[in-house]
Peer 1: 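Quick one: this structure, given as structure tokens, is what I'll be asking you about.
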Amino acid sequence: MRPIGKYVIIKPIEEELKTESGLILTKKDADEFRYKKGTVIESGTDVSEVHKGEIIYYDKSAGFSMLIHDNTFSKQRVSMCGLRYLFSI
């Protein structure tokens, strides 16, 4: 699968989240966060900012999710205004 233009395909990373005091958050609590962590699966033809294999934070409400072969992926658009939502680690 190859995205066209300024889109990237991201596979969300499921991680155990802890607060600074050591409390482990539930999946429900973690789903309320606006930003999620994910791995870039493929970059679009016009994307030079992020590359395949990079781990990034992305705005989960900016794109949309796809289910392919029982795996969930997120499709995000990378643009000048959208880059503030896309952080490379």
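Residue numbers run from 1 in the order of the sequence given. A quick note: this is a predicted structure, and the numbers were derived from the prediction, not measured.
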Peer 1: List, by chain and number, the other hydrophobic cluster members for L25, where Ile, Leu, Val, Met, Phe, Trp and Tyr join if side-chain heavy atoms come within less than 4.5 Å, directly or indirectly.
Peer 2: L17, F33
Peer 1: Apply side chain to side chain contact (heavy atoms under 4.5 Å, CB included) to N71 and list each qualifying residue two or more places apart in sequence or on a separate chain.
Peer 2: K11, F73
Peer 1: Could you tell me which residues satisfy salt bridge (charged side-chain N to carboxylate O under 4.0 Å, His left out) with E32, sequence neighbours excluded, listed by chain and number?
Peer 2: none
Peer 1: Between E14 and K37, is a side chain to side chain contact (heavy atoms under 4.5 Å, CB included) present by the stated rule, with each step listed?
Peer 2: CA-CA 8 Å; E14 297 296 327; K37 189 175 182 180; over 6 Å; no
Peer 1: Enumerate donor-acceptor pairs with a distance under 3.5 Å from any side-chain N or O in residues 41-48 to protein atoms, sequence neighbours excluded.
Peer 2:
from: E42; atom 1: OE2; to: R2; atom 2: NH1; distance (Å): 3.1
from: S43; atom 1: OG; to: V50; atom 2: O; distance (Å): 3.0
from: T45; atom 1: OG1; to: G5; atom 2: N; distance (Å): 2.9

Peer 1: Who passes side chain to side chain contact (heavy atoms under 4.5 Å, CB included) against S65, sequence neighbours left out?
Peer 2: T72
Peer 1: Rounded at 0.5 Å granularity, tell me how far OG1 in T39 sits from CD1 in I9.
Peer 2: 13.5 Å
Peer 1: Below 4.5 Å, heavy atoms only, C-beta onward: do V8 and I10 meet side chain to side chain?
Peer 2: yes
Peer 1: Look up atom OH in Y35 and atom NZ in K60, then write down how far apart they are to the nearest 0.5 Å.
Peer 2: 12.0 Å
Peer 1: Would a 4.5 Å heavy-atom cut-off, applied to side chains only, mark K36 and Y58 as touching?
Peer 2: yes
Peer 1: With side chains defined as the heavy atoms from C-beta onward, is the minimum distance between V40 and I56 less than 4.5 Å?
Peer 2: yes
Peer 1: Could you work out, with side chain to side chain contact (heavy atoms under 4.5 Å, CB included) as the rule, every residue matching I24, not counting sequence neighbours?
Peer 2: E16, K18
Peer 1: Near I4 CD1, under 6.0 Å, is it more than 12 heavy atoms from other residues, nucleotides or ligands?
Peer 2: no
